[in-house]
Q: 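Attaching a single structure in structure tokens format; questions to follow.
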Amino acid sequence: MRHFLFTTLIIIVFSNSAWSQNTKIYIPANQTIELDYPNFDMFTATVINSSFKDIDVAVLSKNNNEQIRGFGLGVKGKADVMVEAENKLVLKNGSNKDISVKLKIKEATRKESFSDDSIISFTLKNTTAKSIPLLIPSVMNPNLSPYSNSGVDLKIGQQIFFKEKGKKYLLLTVDETIAQDSTLDVAKILKERKQELGL
């Protein structure tokens, strides 16, 4: 598993189980913010990058700081991230300028989150040394970092796109052929898809 590299760490622990309103958090240049809601069995964080710099979003194990899921969130990007009680949400600003992030936290339970048969939980894996930007409409626009894993929970029928020379192309559509908790080699799928499209 990949380990998340920390610079300066700012830890924010929330205990108010009713807190779910929009909140703006400022992340200083080259610093990392860690957010934890210890009273929640699970929570969903809607992260909106309201700055003009990319940020790294990761869910790490509280036990050993191993990355469970993570991705880069581009300029003005938005993503929903699920964080279990044994894990924590970490936001990293790797730029030389302060940035702001909008957050909305919603309490959830594992039973509620995973009872919908139309949702498939799987991992997008980047096996290359280059970042792979993707577009997942109405969900997030992740930028898969080199040699990284990004866990997603997507509905059957959800489309995932990539861009090539400014144009958007379909990479794949989530369906029943994707097994629960499986891992997809995005670099391999992307290469095959470009060959199919003659790109």
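Values below: all heavy atoms of this structure, side chains included; hydrogens, waters and symmetry mates excluded.
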Q: Does the side chain of Val81 come within less than 4.5 Å of Val59's, by heavy atoms?
A: yes
Q: Does any part of the side chain of Leu103, heavy atoms only, come nearer than 4.5 Å to the side chain of Leu35, both counted from C-beta?
A: yes
Q: Within the 4.5 Å heavy-atom criterion, are Leu171 and Val186 side-chain neighbours or not?
A: yes
Q: Check side-chain contact (heavy atoms from CB on, under 4.5 Å) between Pro133 and all other residues, then give those that pass, not counting sequence neighbours.
A: Asn143
Q: Side chain to side chain contact (heavy atoms under 4.5 Å, CB included) for Ile156 and Glu176? Distances and angles first, verdict last.
A: CA-CA 7 Å; Ile156 291 174; Glu176 295 85 350; 3.8 Å; yes
Q: Run the side chain to side chain contact (heavy atoms under 4.5 Å, CB included) test on Phe122 and Val152 for me, step by step, so that the C-alpha distance in whole Å, both residues' side-chain angles and the decisive distance to 0.1 Å come before the verdict.
A: CA-CA 6 Å; Phe122 59 100; Val152 293; 3.6 Å; yes
Q: Within this structure, what is the CD1-CG distance for the pair Ile160 and Leu184, rounded to the nearest 0.5 Å?
A: 7.5 Å
Q: Scan residues 168-199 for pairs that pass ring-ring contact (aromatic ring centres under 6.0 Å, His included), counting only residues two or more places apart or in two chains.
A: Phe162-Tyr169
Q: List in chain and number order the residues that pass side chain to side chain donor-acceptor pair (under 3.5 Å) with Lys62, two or more places apart in sequence or in another chain; answer none if no residue qualifies.
A: Asp36
Q: Considering only heavy atoms from C-beta outward, does the side chain of Val83 approach that of Phe40 to under 4.5 Å?
A: no
Q: Output every pair passing ring-ring contact (aromatic ring centres under 6.0 Å, His included) with a member in residues 80-108, not counting sequence neighbours, ordered by first then second residue.
A: none
Q: Residues in side chain to side chain donor-acceptor pair (under 3.5 Å) with Thr183, at least two apart?
A: none
Q: How close do Asn39 and Glu107 get, heavy atom to heavy atom, and via which atoms?
A: O-OE2, 4.4 Å
Q: Who passes side chain to side chain donor-acceptor pair (under 3.5 Å) against Thr173, sequence neighbours left out?
A: none
Q: List the steps and the verdict of side chain to side chain contact (heavy atoms under 4.5 Å, CB included) for Lys88 and Leu60.
A: CA-CA 5 Å; Lys88 57 193 176 184; Leu60 306 185; 4.1 Å; yes
Q: Please collect all ring-ring contact (aromatic ring centres under 6.0 Å, His included) contacts where either partner lies in residues 174-199, sequence neighbours excluded, each pair once.
A: none
Q: Heavy-atom distance under 4.5 Å between the side chains of Ile27 and Ile99, does that happen here?
A: yes
Q: Which atom names give the shortest non-hydrogen contact between Thr127 and Ala187, and what distance separates them?
A: OG1-CB, 3.6 Å
Q: Can you name the closest pair of heavy atoms from Leu135 and Lys163 and give their distance?
A: CD1-CE, 3.8 Å
Q: Same cluster or not: are Phe161 and Leu199 linked, directly or through other Ile, Leu, Val, Met, Phe, Trp or Tyr residues, by side-chain heavy atoms under 4.5 angstrom apart?
A: no
Q: Which pair of non-hydrogen atoms, one from Ala29 and one from Asn93, has the smallest distance, and what is that distance?
A: CA-ND2, 3.5 Å
Q: Which atom pairs, one a donor and one an acceptor, fall under 3.5 Å between side chains of residues 47-55 and the rest of the protein, sequence neighbours left out?
A:
residue: Asn49; atom: OD1; partner: Ser51; partner atom: N; Å: 3.1
residue: Asn49; atom: OD1; partner: Ser51; partner atom: OG; Å: 2.6
residue: Asn49; atom: ND2; partner: Lys53; partner atom: O; Å: 2.7
residue: Asn49; atom: ND2; partner: Leu73; partner atom: O; Å: 3.3
residue: Asn49; atom: ND2; partner: Gly74; partner atom: O; Å: 2.9
residue: Ser50; atom: OG; partner: Ser100; partner atom: O; Å: 2.9
residue: Ser50; atom: OG; partner: Ser100; partner atom: OG; Å: 2.9
residue: Ser51; atom: OG; partner: Lys53; partner atom: N; Å: 3.3
residue: Ser51; atom: OG; partner: Lys53; partner atom: O; Å: 3.2
residue: Asp54; atom: OD1; partner: Val75; partner atom: N; Å: 3.4

Q: Please tell me if the side chains of Ile120 and Asp153 come closer than 4.5 Å, counting only heavy atoms from C-beta onward.
A: no
Q: State, with a plain yes or no, whether a side-chain heavy atom of Leu144 is found less than 4.5 Å away from one of Leu124.
A: yes
Q: Decide yes or no for Tyr26 and Ile33: does some side-chain heavy atom of the first lie under 4.5 Å from some side-chain heavy atom of the second?
A: no
Q: On a heavy-atom basis, which atom in Ser182 and which in Ala179 lie closest, and how many Å separate them?
A: OG-O, 2.6 Å
Q: If the condition is side chain to side chain donor-acceptor pair (under 3.5 Å), which residues does Asp98 pass it with, not counting sequence neighbours?
A: none
Q: If you round to the nearest 0.5 Å, how far is NZ of Lys125 from CD1 of Ile189?
A: 13.0 Å
Q: Ignoring hydrogens and angles, state whether a donor on the side chain of Asp181 or Ser121 is under 3.5 Å from an acceptor on the partner side chain.
A: no
Q: Kindly give the heavy-atom pair with the smallest separation between Ile119 and Gln180, and that separation in Å.
A: O-NE2, 2.8 Å
Q: How long is the straight-line distance from CD of Glu84 back to OG of Ser61, given to the nearest 0.5 Å?
A: 10.5 Å
Q: In sequence, state the C-alpha distance, the side-chain angles, and the governing distance for Lys92 and Asn30, and then conclude on side-chain hydrogen bond (donor to acceptor under 3.5 Å, both in side chains).
A: CA-CA 7 Å; Lys92 180 182 177 182; Asn30 297 303; over 6 Å; no
Q: Test side chain to side chain contact (heavy atoms under 4.5 Å, CB included) on Val90 and Asn65; report intermediate values, then the result.
A: CA-CA 10 Å; Val90 178; Asn65 277 332; over 6 Å; no
Q: Roughly how far, to the nearest 0.5 Å, is the CG atom of Asp56 from the CG atom of Leu91?
A: 9.5 Å
Q: Once you round to the nearest 0.5 Å, how far does CG of Asp185 lie from OG1 of Thr123?
A: 12.0 Å
Q: Are Leu170 and Ile136 connected in the hydrophobic side-chain network, where two residues link if heavy atoms are under 4.5 Å apart?
A: no
Q: Only pairs at least two apart or in different chains count here, so list each side chain to side chain donor-acceptor pair (under 3.5 Å) that has a residue in residues 189-199.
A: Glu164-Lys194, Arg193-Glu196
Q: In chain order, what residues pass the side-chain contact (heavy atoms from CB on, under 4.5 Å) check against Asp175, with sequence neighbours excluded?
A: Thr177, Ile178
